Each structure stands twice: as structure tokens, then as C-alpha cells.
Amino acid sequence: FLKKTQKVSDLELRAIESSFIIDFEHFLHQQPTLSNNGVMKHLERLKKLMKLAYEMDWLDKNIFKHHKLKFEKVDKAFLTRSELQKIMEFDPKRSSLAVTRDVFLFSCFTSLSYSDVRNLKRSNIVKGNDNKWWIKSKRAKTGVPLNIPLLPLPLEILQKYKDHPKVCSSDHVLPVCSNQKINNYLKEIASFTGIDKDFSFHMA
């Protein structure tokens, strides 16, 4: 934003005015990958920093004082039991779709987010006092501790990929591709299984 609109690579805190926020918000709304709420999330982070700067006396005023963040209410999509069953029964011919389906199902049965699944390592899979396998980790986004019992299906998926080249060459337990790719593959799976929803990993 600074390079494209302000023609600089950095800016003094005290040079930032309320107009900066308006210009920055306008710039963010022009980015094709950002929804309104995505724009608001970026502004929310900036707002926290500007408030901190004001409280630390690095700024003479809180420039966000009169700027309201306008989040849109979103109805979160979810899969029905029958739709989940369709994915479980789906027999893909391509390995990329098979891996995507399995990683998605792993997330469904463990409640892990995309980043949590991608970061999951062998050291996070431990045997509990009940002599059963558990996931012991922390949420990537919040740092909240995770203690999740591994049900038969996710255990089966872990076993299935223990010899996968991507798993063998790293400390991770599943061969998770990029967020963009996995969501593209999920859209393909949705079309094959007749699921008429805006299908993304977040649904897991």
C-alpha cells in the first residue's frame, strides 16, 4: 500500500492521519482476494497497533477514534451428515483429490483448522493414560492447548500416509498442500459428489 499509493517504503508514525485509514481501506477493498470482513480484519489489526502507539505516547491522538469497522454478518456454511457421508464414500481417481479428501475428513473428525492440520507433527501424537492415541498441541491461531482423542477414522488416515514421501521427508504427519490448492481440489470434490455449496476447508 505504501509503495503503490504513497510512493514510499516506510512512514513515520506521527505522519499517519485519519485520511491514511480511509485510503488504506479503499486500497484493501480493491484487492480481489479480500472480502469485506477480510478488509475489516486487516483494519482491526492496524487499529490495535495505532491504539497501542497512542497509549505509549508515540502518537498525539488515536486516529481510529471516529473510524468504525463495518463487519458483515456471515452465515457460516456447514456440511450435513449425508453430505459428509458422500465425501467419505467418494472414490477419487486422482491422488491429489484422494489426499485432499482424507486431510479434510481428518479435520472433520478432529476439529482442527487448516493451519493446525498442516503444522501437526509426530511429536503431537501421543498415547494417553487411557492407552489410546491423542493429539496434544496448541491452536496455531490462538495458542490454546489442544487435547483431542483420535477416533478410528483419523487414526486410519494417519496410518495410510505414514509412508508418503512428503511425510517421510519431514516431521509432519500428513501431506497437506497449500490452502489455495486444497480449496480448489475441494471444489472439484463438491462437483463430483453433487454438493451444491461454496465448499472450502473451513467447513471441516
Side-chain angles (χ1 to χ4, degrees), residues 28 33-53 55-56 69 71-79 81 83-84 87-88 96-187 189 197-204:
L28 292 174
T33 57
L34 285 178
S35 64
N36 176 76
N37 286 358
V39 170
M40 292 304 122
K41 280 286 184 184
H42 282 297
L43 290 174
E44 189 174 49
R45 295 182 187 107
L46 180 62
K47 182 177 181 178
K48 287 178 181 177
L49 291 171
M50 292 298 102
K51 185 182 177 186
L52 174 65
E55 289 171 351
M56 297 290 290
L69 302 181
F71 284 92
E72 292 175 354
K73 188 176 180 181
V74 177
D75 291 327
K76 294 191 176 178
F78 60 91
L79 293 176
R81 186 184 294 268
E83 288 169 337
L84 182 60
I87 295 169
M88 291 171 70
S96 57
L97 295 187
V99 172
T100 296
R101 179 209 51 202
D102 291 341
V103 171
F104 180 82
L105 288 174
F106 185 88
S107 181
C108 286
F109 282 81
T110 58
S111 80
L112 294 179
S113 68
Y114 168 80
S115 55
D116 291 329
V117 173
R118 189 170 194 183
N119 293 329
L120 200 63
K121 297 180 179 179
R122 293 187 191 95
S123 58
N124 299 131
I125 311 299
V126 299
K127 193 162 272 191
N129 295 330
D130 56 0
N131 209 34
K132 293 180 180 179
W133 292 103
W134 288 68
I135 294 173
K136 301 275 187 180
S137 183
K138 289 184 178 180
R139 292 273 181 203
K141 193 173 182 179
T142 62
V144 173
L146 293 171
N147 294 293
I148 301 170
L150 277 165
L151 299 172
L153 180 60
L155 267 174
E156 185 183 316
I157 291 170
L158 288 179
Q159 186 66 20
K160 180 178 178 179
Y161 290 101
K162 68 182 178 63
D163 296 323
H164 190 282
K166 274 191 176 180
V167 172
C168 291
S169 63
S170 71
D171 192 31
H172 295 95
V173 295
L174 289 171
V176 184
C177 62
S178 71
N179 198 15
Q180 184 178 6
K181 277 187 179 179
I182 210 165
N183 280 322
N184 287 337
Y185 293 147
L186 283 173
K187 283 176 172 54
I189 291 172
K197 288 180 178 176
D198 187 15
F199 200 23
S200 71
F201 200 90
H202 195 63
M203 276 189 174

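What you see below is based on every heavy atom in this structure, not just the backbone, and it leaves out hydrogens, waters and symmetry mates. Just so you know, these numbers come straight off a predicted model, no measurement behind them.
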Query raised in the report: Would you say the ring centroid of Phe199 lies under 6.0 angstrom from that of Phe104?
Result: yes
Query raised in the report: Mind checking whether Ile148 and Ser111 have side chains closer than 4.5 Å, heavy atoms only?
Result: yes
Query - His42 NE2 to Leu28 CG distance, which is reported to the nearest 0.5 Å - result: 6.0 Å
Requested in this report: Drop me the distance from Leu151's CG to Phe106's CZ, to the nearest 0.5 angstrom.
Outcome: 10.0 Å
Requested in this report: Check whether more than 12 heavy atoms from other residues, nucleotides or ligands sit under 6.0 Å from atom NZ of Lys160, and answer yes or no.
Outcome: yes
**Report entry** Single hit among Ile125, Val126, Ile157 for side-chain contact (heavy atoms from CB on, under 4.5 Å) with Leu150
**Finding:** Ile125
Query raised in the report: Can you tell if the side chain of Lys51 reaches within under 4.5 Å of the side chain of Glu55, non-hydrogen atoms only?
Result: yes
**Report entry** Step-by-step side chain to side chain contact (heavy atoms under 4.5 Å, CB included) determination, Cys108 to Leu84
**Finding:** CA-CA 9 Å; Cys108 286; Leu84 182 60; 3.9 Å; yes
Report task. State the CG-CG distance between Asn119 and Leu174, to the nearest 0.5 angstrom. Result -> 12.0 Å
Report task. Could you tell me whether a side-chain N or O of Asn124 sits under 3.5 Å from a main-chain N or O of Lys121, the two making a donor and an acceptor? Result -> yes
**Report entry** Minimum heavy-atom distance Lys197-Phe78, with the two atoms named
**Finding:** NZ-O, 2.6 Å
Query raised in the report: Has the side chain of Asn147 got a donor or acceptor atom that lies under 3.5 Å from a matching backbone atom of Trp134?
Result: no
**Report entry** Heavy-atom side-chain proximity of Leu186 to Met203 below 4.5 angstrom
**Finding:** no
Query raised in the report: What distance do Arg118 atom CZ and Leu112 atom CG have between them, rounded to the nearest 0.5 Å?
Result: 15.0 Å
Query raised in the report: Should Asp198 and Lys187 count as side-chain neighbours, where that means a heavy-atom distance under 4.5 Å?
Result: yes
**Report entry** Nearest-0.5 Å distance, CD1 of residue Ile189 to CG of residue Leu97
**Finding:** 5.0 Å
Query raised in the report: Judged by atom type as modelled, is there a donor-acceptor pair below 3.5 Å linking the side chain of Arg122 to the main-chain atoms of Ser170?
Result: yes
Query raised in the report: Okay, side chain of Tyr161, backbone of Val167: is any donor-acceptor separation there less than 3.5 Å?
Result: no
**Report entry** Side-chain touch Ile87/Leu105, heavy atoms, less than 4.5 angstrom
**Finding:** yes
Query raised in the report: Are Asn184 and Gln180 side-chain neighbours, meaning at least one heavy-atom pair lies under 4.5 Å?
Result: yes
Report task. May I ask you to check whether over 12 heavy atoms, not counting those of His164, lie within 6.0 Å of atom NE2? Result -> yes
Requested in this report: Grab the two heavy atoms, one from Arg139 and one from Asp116, that are nearest each other, plus how far apart they are.
Outcome: NH1-OD2, 3.1 Å
Query - Straight-line distance of Gln159 CD to Trp133 CH2, nearest 0.5 Å - result: 10.5 Å
